[in-house]
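See below for the structure under consideration.
Along the sequence shown, residues are numbered consecutively beginning with 1. All values below come from the heavy atoms of this structure, side chains included, with hydrogens, waters and symmetry mates left out.
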Amino acid sequence: MSKKKKIILLVSLVAVLAIAAVVLIFVFKEKGYRLLKVYEVEGDANVAREGIGDIEPYNNMVLESGDRVSLRTGDMCLKADEDKYIYMEEGTELILKATGTSENSRTTIDLLSGAITNDVQNKLSEESSYEVNTPNSTMMIRGTIFRVAVYEENGIKYTRVTTFEGRVVTKLIRKDGTVSDEEVVIEKGKEVLIYEDENTVDYVSDPKDIDFATVPNKVLEVLRGAKKDGRDVALLTGSATVTFMYNGKVFGTQTVPIGGKATRPTLKPAKTGDWAFDFENQTINGDTTIEWK
């Protein structure tokens, strides 16, 4: 084959491949296939994929349905489609399952340990679903911001469900693996605690007001961002009192706006030691006591 014919053949092949790529992209967009990816990650994390094994995740890494994602330390955010964000906290492990299309989607998260904050920014279509499962409960939403945490204390397993926007519907998963028919609705600004001991799975109480003092700072940052975007989220406002304690006595106080930062006192109560508080990074989310150590 002459050099000229080889060049013509190569150019033709490149053109065919380019056309095929354009067609695939067009079909992909037209059918709205699911987009799953690691949106951001910084720290010690892992993705375990069936048939492949462990993969070190990176920003914008494409995920597959069924991937087992874990975050030991640091920060990690997953993204489903263009409007569903999953913020993982340290010590979290989950299995992400997603089927259907972006307009007719089914998203299921099996939370094995740790805590996640889910931000579903647009209301789901009637044919779509978004579900989070823990060992003792399952919850479904249409469009909301909510946090789910699973942990164990003194041999009792707990699931804490906190709703910051919209509403979340929960059901208990009984000891025999069946799901109860009873639904408990958690409205914006409320949370429930579910416990599981050797014999029983039940709610600790009816939905109660959110204890914002125990909501992690990084979750509050997500909420403040949503608030700035004009979304109607449950978030404390006003001011709080910061009390500085030395040897069991009040050394001084400050009034700090909720979400603001305390200021390190100019005077020190002693020559050695320091205030047990991260003034640079930690925000004030309610009345706070800071001790000199």
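With rounding to the nearest 0.5 angstrom, the CG atom of L71 is 8.0 Å from the CG atom of D44. How far NZ of K37 is from CG of N59: 9.0 Å, rounded to the nearest 0.5 Å. In this structure, NZ in K293 is found 13.5 Å from OG1 in T272, a value given to the nearest 0.5 Å. For the atom pair Q254 CD and R264 CZ, the distance stands at 11.0 Å (nearest 0.5 Å). Note that the CG atom of D54 and the CZ atom of R49 stand 11.5 Å from one another [nearest 0.5 Å]. In this structure, CG on N133 lies 11.5 Å from CG on L94, to the nearest 0.5 angstrom.
In plain terms, the two heavy atoms of A262 and V256 that are nearest each other are CA-CG2, 4.1 Å. Taking each heavy atom of R174 and D181 in turn, the nearest pair found is NH2-N, 4.0 Å. Contact between A45 and R72 at its shortest, heavy atoms only, is O-NH2, 3.9 Å. Nearest heavy-atom pair across V47 and P57 is CG2-CB, 3.9 Å. In terms of heavy atoms, Y87 sits closest to D119 at CE1-CB, 4.3 Å. Annotation for G91 and S113: closest pair O-OG, 3.4 Å, computed over non-hydrogen atoms.
When the options K188, R147, M139 are evaluated for a side-chain contact (heavy atoms from CB on, under 4.5 Å) with V168, the one that passes is M139. Residue K97 is tested with D67, D110, T108, T107 for a side-chain hydrogen bond (donor to acceptor under 3.5 Å, both in side chains); the sole match is D110.
Under a 3.5 Å cut-off, the side chain of D81 and the backbone N or O of D83 do not form any donor-acceptor pair. The backbone N or O of E126 sits nowhere less than 3.5 Å from a side-chain atom of S128 that would complete a donor-acceptor pair. Side chain of D278 to main chain of E280: a donor-acceptor pair is present (N/O by atom type, distance under 3.5 Å, no hydrogens or angles). Looking at T92, its side chain does come within 3.5 Å of a backbone N or O of E89 through a donor-acceptor pair. Using modelled atom types, no side-chain atom of S137 and backbone atom of K171 make a donor-acceptor pair closer than 3.5 Å. Side-chain atoms of N104 do not come within 3.5 Å of backbone N or O of T101 as any donor-acceptor pair. Formation of a donor-acceptor pair under 3.5 Å by the T241 side chain with backbone atoms of D287 is not found in this model. The backbone N or O of E40 lies less than 3.5 Å from no partner atom in the side chain of K79, so there is not a single donor-acceptor pair.
Clustering ILVMFWY residues whenever any of their side-chain heavy atoms sit less than 4.5 angstrom apart, transitively, puts V120 in a cluster other than the one holding Y39. L267 and V250 are not part of a single hydrophobic cluster, where members link through side-chain heavy atoms under 4.5 Å apart. V233 and I186 fall into different hydrophobic clusters, where Ile, Leu, Val, Met, Phe, Trp and Tyr are joined by side-chain heavy atoms under 4.5 Å apart, directly or via other members. Tracing side-chain contacts under 4.5 Å through hydrophobic residues (I, L, V, M, F, W, Y), one reaches L63 starting from Y58; they form part of the same cluster. In the hydrophobic cluster analysis, where Ile, Leu, Val, Met, Phe, Trp and Tyr join through side-chain heavy atoms closer than 4.5 angstrom, V184 is grouped together with V150.
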* Yes or no on salt bridge (Lys or Arg N to Asp or Glu O under 4.0 Å) for R68 and E50, after CA distance, side-chain angles and deciding distance? -> CA-CA 9 Å; R68 190 183 188 109; E50 186 176 355; over 6 Å; no
* Can V185 and R167 be said to form a side chain to side chain contact (heavy atoms under 4.5 Å, CB included), step by step? -> CA-CA 7 Å; V185 178; R167 63 200 320 234; 3.4 Å; yes
* Test D75 against V41 for side chain to side chain contact (heavy atoms under 4.5 Å, CB included), laying out the working first. => CA-CA 6 Å; D75 298 306; V41 60; over 6 Å; no
* Verify side chain to side chain contact (heavy atoms under 4.5 Å, CB included) between I173 and V201, making sure each step is shown before the conclusion. => CA-CA 7 Å; I173 298 178; V201 176; over 6 Å; no
* **From CA spacing to verdict: side chain to side chain contact (heavy atoms under 4.5 Å, CB included), V38, L78** => CA-CA 5 Å; V38 176; L78 311 181; 4.2 Å; yes
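Counting heavy-atom neighbours within 6.0 Å of K261 NZ, excluding the residue itself, gives a total above 12. Atom CD of E152 sits in a crowded spot, with more than 12 heavy atoms from other residues, nucleotides or ligands closer than 6.0 Å. The local environment of CZ in R231 is crowded, with over 12 non-hydrogen atoms from other residues, nucleotides or ligands closer than 6.0 Å. The number of heavy-atom neighbours closer than 6.0 Å to CG of D176, taken from other residues, nucleotides and ligands shown, is above 12. Atom CG of D229 sits in a crowded spot, with more than 12 heavy atoms from other residues, nucleotides or ligands closer than 6.0 Å. For K123, the NZ atom is loosely surrounded, since the number of other residues' heavy atoms within 6.0 Å does not exceed 12.
Between N122 and K84 the shortest side-chain heavy-atom distance does not fall below 4.5 Å. The shortest side-chain heavy-atom distance between N118 and V132 falls under the 4.5 Å cut-off. Residues I86 and I116 form a side-chain contact, since some pair of their non-hydrogen atoms from C-beta on lies under 4.5 Å apart. Inter-residue side-chain proximity for I290 and V242 is flagged as met; some heavy-atom pair is nearer than 4.5 Å. Using a 4.5 Å heavy-atom cutoff, the side chains of M88 and C77 are not in contact. A heavy-atom distance below 4.5 Å is found between the side chains of I145 and L223. A 4.5 Å side-chain heavy-atom check between N285 and L236 finds every atom pair outside the cut-off. Proximity of L220 to L235: side-chain heavy atoms (C-beta onward) are separated by under 4.5 Å at one or more points.
Between the side chains of R106 and S129, at least one donor-acceptor pair of N or O atoms lies under 3.5 Å. T162 and E191 are linked by a side-chain donor-acceptor pair at a separation below 3.5 angstrom, with hydrogens and angles left out of the test. Side chains of T214 and R160: a donor-acceptor N/O pair is present below 3.5 angstrom, by distance only. There is no side-chain donor-acceptor pair under 3.5 Å between Y85 and T117. Checked by atom type, the side-chain pair N136/T134 shows a donor-acceptor distance below 3.5 Å.
The stretch residues 133-179 participates, sequence neighbours left out, in these ring-ring contact (aromatic ring centres under 6.0 Å, His included) pairs: Y151-Y158.
With ring centers used as reference points, W292 lies 6.0 Å or more from F251.
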